[in-house]
Structures are given as structure tokens and as C-alpha cells.
Amino acid sequence: MGYVSAAEQGVGSTQTLLTERGDGGSVASTVRRTVLPGGLRVLTETMPGARSATVGLWVNVGSRDESRSLGGATHFLEHLLFKGTQRRTAMDISAELDAVGGELNAFTGKEFTCYHARVLEADLPLATDVICDMVTSSLIPSVEVESERGVILEEIAMHDDDPDDVVHDEFVAALYGAASPLGRVITGSVESINALSRRQIVNYYRRRYTADRLVFAAAGSVDHDRVVSSVLEAFSVANALGDPQLQPAPVRTTAQPAVTHSGTRLIEHPSEQASFVLGMPSYPRNDPRRFALGVLNAAVGGGTSSRLFQQVRERRGLAYTIYSFTSQFVDSGYFAVAGGCMPSKISDVLGICRDELDKVAAAGITLEELQRGQGQLRGSLVMGLEDAGARMTRIGKSELVPNELLSIDASLDRINAVTLDDVHAAARDVLAAPSTLAVVGPGKALKRLS
């Protein structure tokens, strides 16, 4: 069955979006969606044989939705929703999940926020009620705002002490620019966190956390109808469904690609090593060329057999850490190489990285590298989706950003269909583009690059 959007499905209906089949044609998993009044969506993926379930309440808001004056508000709010509701204290929220051996957590991204829990199948209604209660009925008391402000400032300080964290932030800031929310740090700055008031955070909460922007996803040992009933009950108790005629908010889109910049950013830091990220813009999240880019990434720096690992670490011993990676947003993406080395070796390491990227841009990769990269992608895809948390994440994100909900077999077919020409075309598009470099380390390393 082809993918049907929530808007096309309509309020009050349930559809099966995807059925995975295992050996012998038996059903391995089933993805279903119900659209509730007010636009709230409930998705489940039933995995026969599982004894636990992972649930997540996804919110269609991330740090890129913040104005400069609200920098860090999305992440600040994520912390505060654990601090008590009309029905539960902060201790109750923690204790109820601890008492059943559950795991409760949350994360903030640039394009969405997620509150998630993993529990035994018998405790799924409890986890559902706790998360829905937190997200719909947080009190955000003033005393907790001030207490958590201190926690976040400590988090920022801890982050700033780690040059590996700093260099990734500096690379993104250089690539997208300080004027773009994509270029700013998810946690916000010391200045923006200190400036945020409770009123600003509460207004942000009420404006952004509406039913039409929410997706409840569950995977593992789940029964779709029971999950829908639990979510509906929790939202009804909180009177949080809103206008029953409201449609689900559309997936995140943008009319123009994000603007990117090239150049070099050097940040002095009292560390023993120089950490760097060298990268360039690539494809957005749903670009069909992402499969070729994945194979390219595997060949360049995605494993111990990759070109960069072999050239920099194995043959020359210039670094312990060296790898490549990709990151995608709805309107942009980037490919990058990251690593760390002694300050005296930074010029040599960067020179080798640039040479290898230039070689691949000019000549592509070999057939052996293609096959190895395809195998790497196949293995990581299949093994990753054996985990209920990964399945929950897949179906939840598919409702918030433009993305195909592909079956495992369909994804494997896309990977297997990648050719040497496809990878070479991606290499020419991406690796030959003007690059952005961020280096964080002691002054003696930076002098070698200035």
C-alpha cells in the first residue's frame, strides 16, 4: 500500500500504512495510523514476539523555529515538562516509571522534540498516560524555571568544555551563519537562557504544543486500538484535543533551500588535541540521492575499511579518531569529515582529507567500495530496525518531516540499486563544492592554519 498522508486520510479514521512480511510470507510488523479529533495522530507498529514497547510523543517544533530572542526556549521547555502537572509532581513522574523498570527521557532537535519511554507491554497504558500528562498539562512553576535555568547553564558549560562538541557547533554556525536558526546551538547561549522569562516559555508552550502538531508513536508489543484508547483518554482528561474539526498540521516544508557559507573558523581552546570538522552542503532529508550519498559516506569515512581511516590512521598513524558523516534537514544537509589529532599534525591530516575528497570527486569510488558500502548500509538498516525504539522513531518522524515510510525491503532495493555512476554524481555534487572548516584547539595548532 502506498503512503497516505494524515491530511488525505481524514479525522476519525484508521488506516494501515505498511505491512512488513518475513520469511514464508508471515507478517513481521504492521504500521497503522488513527487521526483523532483536533488533528492528533496516533501511529503504532506491532512487532510480533516483542515483550516490551517504546512510546514517544513527538512535537512539531524544534530549535530552528525560535527567534533570536527565544534562543534555547524549545530545549528549556523540554526540561520543564518533567517538573510536574496538575495530577503529578516531578517526583511522581520519575517514580511511576522507575517502579515498573521503565525508562523515560526526551530530546530536542532542530526540527522536532520527542518525549519517549520504554516499558514492558503490561505497563504501556501507564507510560502513555505519564507522557501525555506531561506534554499537555505541565504547570511550569516559577521556582522550577529558575532551578532548571541553572541546570541548563551547567549543561552549556559542560558542553563548552568538550572540544569535540564545540567544533561541531562551530562548523554548523560557520556553514549556516549566525542569522539562521540552523546555525545556532539547540541549548541556546548563556545570554539567551539568562534572558528567557517564565512568561515567554509558557507562551511558547501554549502556542506550539497544540494537538494538531502532536504525533503519538508506539512500537513493539502494542495493540493499535488499545493505544488509541489510552491516548484519547489521556487527552480528554486534560481537555487537550482542541477543535474537533482541526486537521493535522502539515509536514514541515520550506520554499527555499537553506543558505550555506564556505570559509574557515578557528577557535582557540585549552586542549591537548586539535579537533576539526571539514564539510560542504549536500542533500536534504528526502532527496532520492541520499542512498548514493550513504554509499559515498561509507567509502570515504564510514568505517574502518574506509579511505580516510586507512590513510590517516592505519597507514600513517596521524590520528585516533577520523570519520565522515552526513546530516539532513527538510531544506538542507551536509557531508563532513571530523577528527582529532596532535596540534603538530593538523596540517598533514587536513591535507590528506582534502586530497582524498578531491580524488573521489574526480574519479568516484571502486566497485569493491560500492559493494562494501551497500553492505554496510544494508546491515545498519536491518539491525537498527530490530529495536522497537528505532521503529518508533521512524514512524514518528515520518509524520513531521517530508519522508517516505519505506518498508525494509523497499529500502534495501533502493540501496542495491545504487550504481557507481550514482555515487560519482553525488561525489561531484557534494565533494567538489566550496568547503567549510572549523578547528578547535590550542593556539599552536591554529597558527599552522592561519
Side-chain angles (χ1 to χ4, degrees), residues 56-84 90 93 104-116 134-135 138-210 213-214 252 254 258-259 265 267 269 277 327 329-332 334 397 400-401 438 440:
L57 189 48
W58 295 76
V59 191
N60 194 12
V61 59
S63 63
R64 74 174 300 176
D65 299 304
E66 300 164 352
S67 63
R68 188 178 290 276
S69 64
L70 288 173
T74 311
H75 176 254
F76 203 151
L77 180 58
E78 175 222 304
H79 278 236
L80 290 171
L81 295 198
F82 286 82
K83 297 304 178 180
I93 291 172
L104 177 65
N105 213 327
F107 64 86
T108 302
K110 296 205 172 185
E111 297 185 322
F112 38 71
T113 309
C114 180
Y115 302 82
H116 56 95
M134 286 170 49
V135 170
S138 179
L139 297 175
I140 313 183
S142 297
V143 64
E144 296 290 0
V145 172
E146 296 312 311
S147 175
E148 211 58 28
R149 192 191 310 275
V151 171
I152 293 171
L153 291 174
E154 291 291 342
E155 184 179 353
I156 292 173
M158 179 180 68
H159 184 87
D160 289 346
D161 279 343
D162 189 335
D164 289 336
D165 288 340
V166 173
V167 76
H168 282 269
D169 288 342
E170 293 294 340
F171 168 76
V172 173
L175 180 66
Y176 291 109
S180 168
L182 281 179
R184 299 199 288 267
V185 182
I186 290 172
T187 54
S189 65
V190 171
E191 294 75 19
S192 68
I193 294 302
N194 279 325
L196 282 171
S197 67
R198 177 183 181 274
R199 175 176 291 183
Q200 286 177 300
I201 295 171
V202 170
N203 287 342
Y204 192 74
Y205 174 45
R206 291 173 177 168
R207 187 171 70 253
R208 296 287 186 173
Y209 278 54
T210 54
R213 294 174 177 267
L214 303 180
R252 184 184 292 272
T254 183
V259 176
R265 180 172 294 202
I267 306 296
H269 193 281
V277 177
S327 184
F329 305 108
V330 66
D331 54 351
S332 179
Y334 57 86
K397 286 171 62 174
L400 299 182
V401 295
V440 172

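- Checking side-chain atoms of Ser180 against main-chain N and O of Gly177 turns up no donor-acceptor pair under 3.5 Å.
- For the salt bridge (Lys or Arg N to Asp or Glu O under 4.0 Å) condition, the pairs that include at least one residue of residues 58-75, sequence neighbours left out, are Arg64-Glu111, Arg64-Asp331, Asp65-Arg252.
- Residues forming a ring-ring contact (aromatic ring centres under 6.0 Å, His included) with His269 (at least two apart in sequence, or on another chain): none.
- Judged as a ring-ring contact (aromatic ring centres under 6.0 Å, His included), and not counting sequence neighbours, Phe76 has no contacts.
- Nearest heavy-atom pair, Leu182 versus Lys110, reported as atom, atom and distance to 0.1 Å: O-NZ, 2.5 Å.
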- Criterion side-chain contact (heavy atoms from CB on, under 4.5 Å) on His159 and Thr187, from CA distance to verdict: CA-CA 10 Å; His159 184 87; Thr187 54; 5.8 Å; no

- Item | Leu77/Tyr204 under side-chain contact (heavy atoms from CB on, under 4.5 Å): CA gap, chis, key distance, verdict | CA-CA 9 Å; Leu77 180 58; Tyr204 192 74; 4.2 Å; yes

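- The two atoms that bring Ser63 and Ile186 nearest to each other are OG-CG1, 3.5 Å, heavy atoms only.
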- Message: Working note: Val185 + Val172, criterion side-chain contact (heavy atoms from CB on, under 4.5 Å); need CA distance, chi angles, decisive distance, verdict.
- Response: CA-CA 9 Å; Val185 182; Val172 173; over 6 Å; no

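- Side-chain N or O atoms of Arg149 include one that pairs as donor or acceptor with a backbone N or O of Ile193 at under 3.5 Å.
- Considering CG of Asp165 and CG of Asp160, their distance stands at 9.0 Å, rounded to 0.5 Å.
- Shortest non-hydrogen contact noted between Pro163 and Val440 is CB-CG1, 4.0 Å.
- Smallest separation of non-hydrogen atoms from Cys114 and Gly56: SG-CA, 4.2 Å.
- Phe171 pairs by the ring-ring contact (aromatic ring centres under 6.0 Å, His included) definition with Tyr334, not counting sequence neighbours.
- Relative ring orientation between Phe107 and His116 is described as tilted, the plane-to-plane angle lying within the 30° to 60° band.
- Closest of all the heavy-atom pairs between Leu70 and Arg207 is CD1-NH2, 4.1 Å.
- Side chain to side chain, Thr113 and Glu78 fail the donor-acceptor criterion of an N or O pair below 3.5 Å.
- To the nearest 0.5 Å, atom CZ of residue Phe112 and atom NZ of residue Lys397 are 4.5 Å apart.
- Of the possible donor and acceptor atoms, one in the side chain of Gln200 sits under 3.5 Å from a partner among the backbone N and O of Ser197.
- Leu153 has its side chain within reach of Asn194: a pair of non-hydrogen atoms, C-beta onward, lies under 4.5 Å apart.
- Remark: Glu154 CD is loosely packed, at most 12 non-hydrogen atoms of other residues, nucleotides or ligands lying under 6.0 Å away.
- Residue pairs satisfying the ring pair (Phe, Tyr, Trp, His ring centres under 6.0 Å) criterion with at least one member in residues 184-203, sequence neighbours excluded, are absent.
- Nearest heavy atom pair, residue Val167 against residue Asp164, reads CG1-O, 3.3 Å.
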- Message: Working note: Leu214 + Asn60, criterion side-chain contact (heavy atoms from CB on, under 4.5 Å); need CA distance, chi angles, decisive distance, verdict.
- Response: CA-CA 6 Å; Leu214 303 180; Asn60 194 12; over 6 Å; no

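- Between His79 and Glu144, every side-chain heavy-atom pair lies at or beyond the 4.5 Å cut-off.
- The CZ atom of Arg184 lies 13.0 Å from the CG atom of Asp169; values are rounded to the nearest 0.5 Å.
- For Arg198 (side chain) and Glu146 (main-chain N/O), no donor-acceptor pair under 3.5 Å exists by modelled atom type.
- In terms of the ring-ring contact (aromatic ring centres under 6.0 Å, His included) criterion, residue partners of Tyr209 (sequence neighbours excluded) are, by chain and number, Tyr205.
- With rounding to the nearest 0.5 angstrom, the CD atom of Glu191 is 8.5 Å from the CD1 atom of Ile156.
- Taking the six-membered ring where tryptophan is involved, the planes of Tyr115 and Phe82 are tilted, since the angle between them lies from 30° to 60°.
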